[in-house]
Amino acid sequence: PARAPPGAQPCSPKFFGRDAMVCVCNATYCDTLDPLVLPAPGAFVRYESSKAGKRLERSEGTFQPGRDAPGLLLTVDAGVRFQRVKGFGGSLSDAAALNILGLSPPAQDHLLRSYFSESGIEYNLVRLPMGCSDFSVRPYTYDDVPHDYELEHFMLAEEDVKMKV
C-alpha cells in the first residue's frame, strides 16, 4: 500500500453530543500531522487539543530569559537530567485488538501507519496487559487451575494468541 504524503490533513469530525467528538479514519482517509521537527534551541513546540475543536493544533514559541515574563513560569535547566525517555506508545488491550481486527485490511493498515510510521505519530512502544483487564470481553488468567504453584497449566489465552501476539 502507498504511504500518505507528508503534510497535515484535517480531522473529519463525527459528533456524539455533549462535547464528544472523534476524528473519522477509514481505508481511504485519516487525519495526519505535519512531520515532527525538533525546534531550535531556546524554542518549543506545543500541540493542543480541546473540546472547542482543536485537535493536536501546533504552535511554536520561544523561552524568555529571566523571571519578568507574565503568566506561567517554566524553568528549564538543560544541564540537569532526571530520567531518560525510551519512547512513546499506547496499550493494546483486548478491546483495542477487537476494534482493529473489525476494520477492513486497508483500514487496519491505515490505522496502524497513523500510529507507528514516520508519516504518523511514530509510536515505538506498546504495552500489553497480562491476562484480562477491564477492556476484555470475559474474565481470564493464564492459569485458572487452583493450587497450580508450579504453573504446569500456564498458557496464553485465546485472545492473546489471536489478537495480540
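Please read all numbers here as calculations on a predicted model, not as lab measurements.
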Between atom [atom1] of [X] and atom [atom2] of [Y], what is the distance when rounded to the nearest 0.5 Å?
{"X": "S136", "Y": "M163", "atom1": "OG", "atom2": "CE", "result": "7.5 Å"}
{"X": "L111", "Y": "F116", "atom1": "CG", "atom2": "CZ", "result": "8.5 Å"}
{"X": "F16", "Y": "K14", "atom1": "CZ", "atom2": "NZ", "result": "4.5 Å"}
{"X": "R46", "Y": "E57", "atom1": "CZ", "atom2": "CD", "result": "8.5 Å"}
{"X": "Y123", "Y": "S117", "atom1": "OH", "atom2": "OG", "result": "13.0 Å"}

Could you state whether [X] and [Y] fall into the same hydrophobic cluster, counting links through intermediate Ile, Leu, Val, Met, Phe, Trp or Tyr residues with side-chain heavy atoms under 4.5 angstrom apart?
{"X": "V24", "Y": "Y115", "value": "no"}
{"X": "V126", "Y": "L103", "value": "yes"}
{"X": "L98", "Y": "L156", "value": "no"}
{"X": "F154", "Y": "Y140", "value": "yes"}

query: Which pair of heavy atoms, one from H153 and one from D143, lies closest together, and at what distance?
result: CB-OD1, 3.6 Å
statement: Nearest heavy-atom approach of P139 to C132 is CA-SG, 3.7 Å
message: For the CG atom on L38, are there more than 12 heavy atoms of other groups (residues, nucleotides or ligands in this structure) within a distance under 6.0 Å?
response: no
Determine all donor-acceptor pairs shorter than 3.5 Å in which one atom belongs to a side chain in residues 80-92; sequence neighbours excluded.
residue, atom, partner, partner atom, Å
S91, OG, R127, NH2, 3.3

What residues form a salt bridge (Lys or Arg N to Asp or Glu O under 4.0 Å) with [X], not counting sequence neighbours?
{"X": "R138", "value": "E159"}
{"X": "E150", "value": "none"}
{"X": "E158", "value": "K162"}

- prompt: Taking only residues two or more places apart in sequence or in another chain, which ones pass ring pair (Phe, Tyr, Trp, His ring centres under 6.0 Å) with F44?
  reply: F63
Donor-acceptor contact below 3.5 Å, side chain [X] vs main chain [Y]:
{"X": "S93", "Y": "A96", "result": "yes"}
{"X": "Q108", "Y": "I100", "result": "yes"}
{"X": "N99", "Y": "A95", "result": "yes"}

task: If a pair satisfies salt bridge (Lys or Arg N to Asp or Glu O under 4.0 Å) and one of its residues is in residues 88-104, list it, with sequence neighbours excluded.
output: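 Those involving residues 88-104 are D94-K164.
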- prompt: Do M130 and Y142 have side-chain heavy atoms sitting under 4.5 Å apart?
  reply: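 Side-chain contact under 4.5 Å: yes.
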